[in-house]
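Below: the structure, in structure tokens.
Note that the numbering runs from 1 along the sequence shown for the chain. If you're wondering where the values come from, they're calculated on a predicted model, not measured in any experiment.
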Amino acid sequence: MKLSVVTTMYCSAPYLCEFYKRSVETAKKITKDYEIIFVNDGSPDESLKIVVDFVEKDKRVKVIDLSRNFGHHKAIMTGLSYAKG
């Protein structure tokens, strides 16, 4: 079973490491076939840099970098459109 976890980022830098850790732990309990998709919704902090580091270390992590802030709903829908699970 393919599982997709989709989340948006806007001023999320302080929370991303814990979110990633907990998401991986939980996903592994369900299936080995999962992906975590982060959508950067024009975040002005270091959120994108943090997630790019995740991408470089974990092939199951994907990042979508929007050109500007489109709002949570559009960002989450963008992430869902890329999800394979």
Side-chain angles (χ1 to χ4, degrees):
M1 169 178 66
K2 180 81 170 179
L3 172 69
S4 296
V5 177
V6 179
T7 190
T8 61
M9 301 182 299
Y10 188 83
C11 294
S12 305
Y15 318 106
L16 289 172
C17 290
E18 187 67 21
F19 178 86
Y20 170 73
K21 179 183 153 205
R22 290 184 186 197
S23 296
V24 168
E25 288 173 0
T26 303
K28 284 182 178 180
K29 292 177 184 176
I30 299 168
T31 182
K32 293 178 183 176
D33 191 16
Y34 67 90
E35 65 183 353
I36 303 172
I37 301 173
F38 291 89
V39 181
N40 183 26
D41 192 19
S43 185
D45 66 1
E46 297 293 316
S47 295
L48 181 60
K49 180 187 178 311
I50 293 168
V51 173
V52 167
D53 289 342
F54 297 158
V55 169
E56 291 173 355
K57 296 174 186 167
D58 187 345
K59 65 180 178 160
R60 297 165 300 200
V61 177
K62 313 279 189 278
V63 64
I64 300 166
D65 187 21
L66 301 180
S67 62
R68 64 175 177 85
N69 181 279
F70 287 91
H72 175 75
H73 293 95
K74 293 210 183 251
I76 201 76
M77 290 304 295
T78 299
L80 290 171
S81 71
Y82 280 85
K84 295 183 177 143

Honestly curious: do [X] and [Y] fall in one hydrophobic cluster under the side-chain, below-4.5 Å linking rule?
X: Ile76; Y: Leu3; value: no
X: Phe54; Y: Ile37; value: no
X: Val61; Y: Leu80; value: no

*Would you call the rings of Phe19 and Phe38 parallel, tilted or perpendicular if under 30° counts as parallel and over 60° as perpendicular?*
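If you compare the ring of Phe19 with that of Phe38, the planes turn out perpendicular.
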_Enumerate the side-chain hydrogen bond (donor to acceptor under 3.5 Å, both in side chains) contacts for residues 8-18, please, sequence neighbours excluded, ordered by first and then second residue._
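Listed by first then second residue: Thr8-His72, Glu18-Arg22.
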*Not counting sequence neighbours, list each pair that qualifies as a salt bridge (charged side-chain N to carboxylate O under 4.0 Å, His left out) and has a residue in residues 67-85.*
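Non-adjacent pairs meeting salt bridge (charged side-chain N to carboxylate O under 4.0 Å, His left out): zero.
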*Restricting to pairs with a member in residues 39-55, which pass salt bridge (charged side-chain N to carboxylate O under 4.0 Å, His left out), not counting sequence neighbours?*
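Counting only pairs at least two positions apart or across chains, the salt bridge (charged side-chain N to carboxylate O under 4.0 Å, His left out) contacts touching residues 39-55 are Lys49-Asp53.
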_What's the separation between atom OH in Tyr20 and atom NZ in Lys57, rounded to the nearest 0.5 Å?_
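Going from OH on Tyr20 over to NZ on Lys57, the span is 8.5 Å.
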*CD of Glu35 to CG of Asp58: how many Å apart, nearest 0.5 Å?*
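Spacing of CD (Glu35) from CG (Asp58) equals 11.5 Å.
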Would you indicate whether the side-chain heavy atoms of [Y] and [X] approach each other to under 4.5 Å?
X: Val51; Y: Leu16; result: yes
X: Val6; Y: Tyr82; result: no
X: Val24; Y: Tyr34; result: yes
X: Val39; Y: Thr7; result: no

_Closest approach of Val5 to Ser23 (non-hydrogen atoms, all atoms of both residues)_ =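 Looking at all heavy atoms of both residues, the shortest contact is CG1-OG, 4.3 Å.
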Could you check whether any side-chain N or O of [X] sits under 3.5 Å from a backbone N or O of [Y], counting only pairs where one atom can act as donor and the other as acceptor?
X: Ser81; Y: Thr78; result: yes
X: Ser4; Y: Ala83; result: no
X: Lys62; Y: Lys59; result: yes
X: Ser43; Y: Met9; result: no

*asked:* Here's a test for you: under side-chain contact (heavy atoms from CB on, under 4.5 Å), which of Leu48, Ile64, Leu66 qualifies with Asn40?
replied: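 Testing Asn40 for a side-chain contact (heavy atoms from CB on, under 4.5 Å) against Leu48, Ile64, Leu66 leaves exactly one candidate, Leu48.
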